[in-house]
Amino acid sequence: MTDTPDIEESLFEAPPLAEQERMVEAILFATAEPVTVKELNDRMPHGSDAAEALVYLRKRYEGRGVNVVKVGDAWAVRTAPDLGFLMQKETVETRKLSRAAVETLAIIAYHQPVTRAEIEEIRGVSVSRGTVDQLLEMEWIRFGRRRMTPGRPVTFVVTQNFLDHFGLESARDLPGLKELRAAGLLENRPPPGTMPQVGDGDIDAEEETEEGQSELFED
Amino acid sequence: MTDTPDIEESLFEAPPLAEQERMVEAILFATAEPVTVKELNDRMPHGSDAAEALVYLRKRYEGRGVNVVKVGDAWAVRTAPDLGFLMQKETVETRKLSRAAVETLAIIAYHQPVTRAEIEEIRGVSVSRGTVDQLLEMEWIRFGRRRMTPGRPVTFVVTQNFLDHFGLESARDLPGLKELRAAGLLENRPPPGTMPQVGDGDIDAEEETEEGQSELFED
Amino acid sequence: MTETPTDMFDSSVADRLAAEALIVDVDGFEGPLDLLLNLSRTQKVDLRKVSVLQLAQQYLAFVEKAKELRIELAADYLVMAAWLAFLKSRLLLPPDPTEDGPSGEDLAAHLAFQLERLQAMRDVAAKLMARDQLGRDFFARGLPETVERVRKVDYTATLLDLMQGYARIRTKDEFRPFVMDRDAVFTMEQALERMRGLIGFAGTWTDIATYMPDGWDADPVRWRSATASTFAASLELAKEGKVEIRQSDTFAPIELRRREPRSD
């Protein structure tokens with residue numbers, strides 16, 4: 001019984017590790033999007049171990065003009081950040097994000113998964129449809145699981161694109177995350193007793209919020 | 001007067017060659033089109049020698065998964081030619097063999113070695129080239145010995161692949177007419193149980209058929 | 001204590017001046033919390049040490065000023081003003097032991113927490129945006145190679161297909177059209193055939209249930225069919241004058257026996 005894996009290995013002989021490294025290199029170079037280990041393994045010959053090859057490949061490109069970077073559970077080749085000045089030609093003018101959008105994005109990233117009501121509680125104003133739509137359209141945020149609270153509100157989380165854009169391996173690597181957590185600033189602290197609710201009295205904002213939410217529910 | 005170039009060089013000191021190599025690497029990677037040496041020099045800090053850096057970079061990528069290649073008078077990073085297969089995503093579509101092919105195959109299996117004329121006589125219709133070619137290509141049939149009759153026609157026999165696919169030890173294990181009748185196959189009615197009719201192409205039915213097969217084998 | 005009124009007066013003058021400066025860009029504020037955060041900066045202290053009471057006074061002064069200048073404030077600014085006025089009174093008056101609900105200190109602490117949290121989010125948002133960004137500071141492959149999709153058709157057939165195919169060819173002559181085989185039906189013809197063979201032995205009265213085919217009692221559907229056809233066959237035999245039938249009572253067993261041919 002213990003022989004079975006060996007037999008299998010000999011049937012589907014995996015290429016030598018150096019070859020596998022070349023293959024991962026070729027696949028990562030060929031695409032602009034990060035590629036998951038699973039995708040790599042699927043495309044490589046049977047028996048390959050992309051994860052192991054990646055360890056070597058990453059090391060090989062340390063300090064080079066391009067680097068092998070981890071993006072969530074995927075991998076990509078990116079130019080070294082210190083060489084950005086050479087690339088003015090490649091720079092894409094990104095739509096400038098409004099202050100509201102930047103703050104909303106940060107709140108989602110640091111508090112994820114987070115509901116719209118929680119974002120509004122933190123910012124002290126209602127979140128406009130446009131802001132969330134813009135972030136969704138940029139594919140920096142997406143819907144997470146519904147919260148198991150009354151009304152089952154949808155939550156927002158950041159995406160792989162977000163991590164890729166800001167050069168983060170995972171959301172755990174967000175700058176200052178540890179300090180915020182230590183300071184208790186990421187806790188969901190309910191307001192004591194009666195607090196003015198966000199958007200209270202502002203009829204327009206209320207309607208907008210409700211509309212936005214109910215539309216989200218339809219998804 | 002002759003000193004002027006030297007003074008200029010010292011004013012705009014060129015980066016070390018290793019740095020220049022990194023720069024060329026990053027530019028070739030990130031640019032959408034092949035880049036000429038002149039363009040490289042224009043983009044790199046004053047005093048850089050892209051041509052020299054390219055020599056080193058090209059060497060560095062020798063035998064790697066991607067190579068630095070010359071395209072016209074410009075340079076680009078490209079997948080190593082032997083890894084082109086990784087850039088293809090194969091989608092396998094499973095289709096049922098046509099009725100003509102199944103019948104032809106069945107005749108060959110039951111009557112091997114058999115000539116094309118004999119197949120046609122048994123089927124009562126002519127056998128198209130395409131059908132035989134398809135079976136040959138699938139490596140389910142192969143040419144047998146020529147028949148020692150006038151014209152020395154080729155014969156067809158089934159292959160080991162065929163036996164493997166159908167789980168047979170030899171073609172002699174194919175059930176005879178009597179067994180076919182016992183299994184209800186000669187009355188063109190659904191055999192006992194829920195065996196699908198020929199031509200049921202969907203995957204579920206396929207699986208069921210396989211189950212059916214093993215049942216037949218147990219007989 | 002005697003200095004307090006003067007302090008209050010002084011600070012309220014300062015507040016008014018600050019409020020006037022703020023009011024110029026009232027549109028620039030993202031809600032009351034944002035305004036409070038801006039006001040707290042005039043205290044020039046760590047947000048953790050901010051005086052919520054002073055903040056409340058500053059805010060109320062701001063709202064007063066806006067009213068004087070006939071600047072329409074959005075409703076949530078006014079809601080916040082009302083709440084801060086309530087908070088102020090709670091902070092200034094000794095706590096009423098008969099009153100429920102959170103204390104003024106609790107409310108003030110939460111407001112301070114909210115301000116600190118909002119400021120923290122702003123700080124990390126700035127840190128985030130200051131990071132190297134894809135397409136600005138670092139870059140993806142400029143010339144991605146498209147992954148070519150190769151469609152490969154894998155033909156397949158099962159042993160059953162093969163045998164059915166062979167059977168189809170070999171039995172073209174004995175092909176019979178498809179009929180539904182009703183194996184749960186015992187026809188009257190079958191029942192008659194069976195009873196004719198057995199009736200010769202029925203010299204005495206016997207329950208017709210004994211004429212039922214063997215093994216059909218396992219399945220109620222088959223049993224029902226066999227019962228019906230056996231009964232119908234009995235009637236048919238009686239009509240032919242081969243048997244006699246009797247039933248002693250309603251739902252009693254039906255019995256039959258061979259009818260002896262008339263001697264005369």
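Side chains included, hydrogens not; waters and symmetry mates left out as well; all remaining heavy atoms used. Chain identifiers are assigned alphabetically (A, B, ...) following the order of the sequence lines, protein sequences preceding nucleic acid strands; residue numbering begins at 1 within each chain.
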Checklist entry - Can you say whether Asp82(A) sits under 4.5 Å from chain B via the side chain, the backbone, both, or neither, judging by heavy atoms? => result side chain

Checklist outcome for this item: Interface check, chain A: of Val24(B), Thr31(B), Asn67(B), most non-hydrogen pairs under 4.5 Å belong to Thr31(B)

Checklist outcome for this item: When the 4.5 angstrom heavy-atom criterion is applied to Arg60(B) and chain A, the contacting part is side chain

Checklist entry - Side chain, backbone, both or neither: which part of Glu39(B) has a heavy atom under 4.5 Å from chain A? => result side chain

Item to check | Arg64(B)/Glu21(A) salt bridge by N-O under 4.0 Å criterion | outcome: yes

Item to check | Non-hydrogen atoms of Ala26(A) and Gly65(B) that approach each other most closely | outcome: CB-O, 3.5 Å

Checklist entry - chain B heavy atoms under 4.5 Å from Val77(A): which part of the residue, side chain, backbone, both or neither? => result both

Checklist outcome for this item: Between Arg22(B) and Gly63(A) the two heavy atoms that sit nearest each other are NE-O, 2.9 Å

Checklist entry - Between Ala30(A) and Thr79(B), which heavy-atom pair has the shortest distance, and what is it? => result CB-OG1, 4.4 Å

Checklist entry - Quick one: CG on Leu86(A) to CG on Asp42(B), what's the gap to the nearest 0.5 Å? => result 12.0 Å

Checklist entry - Can you find a heavy atom in the side chain of Phe85(A) that is under 4.5 Å from one in the side chain of Arg43(B)? => result no

Next on the checklist: Please classify the contact of Leu57(A) with chain B as side chain, backbone, both or neither, using a heavy-atom distance under 4.5 Å.
Outcome noted: side chain

Checklist entry - Of all heavy-atom pairs between Val66(A) and Glu25(B), which one has the smallest distance, and what is that distance? => result N-OE1, 3.7 Å

Checklist entry - Using 30° and 60° as the class limits, which term best fits the ring planes of Tyr61(A) and Tyr61(B): parallel, tilted or perpendicular? => result tilted

Checklist entry - Under a 4.5 Å heavy-atom cut-off, does chain B meet the side chain of Leu83(A), its backbone, both or neither? => result side chain

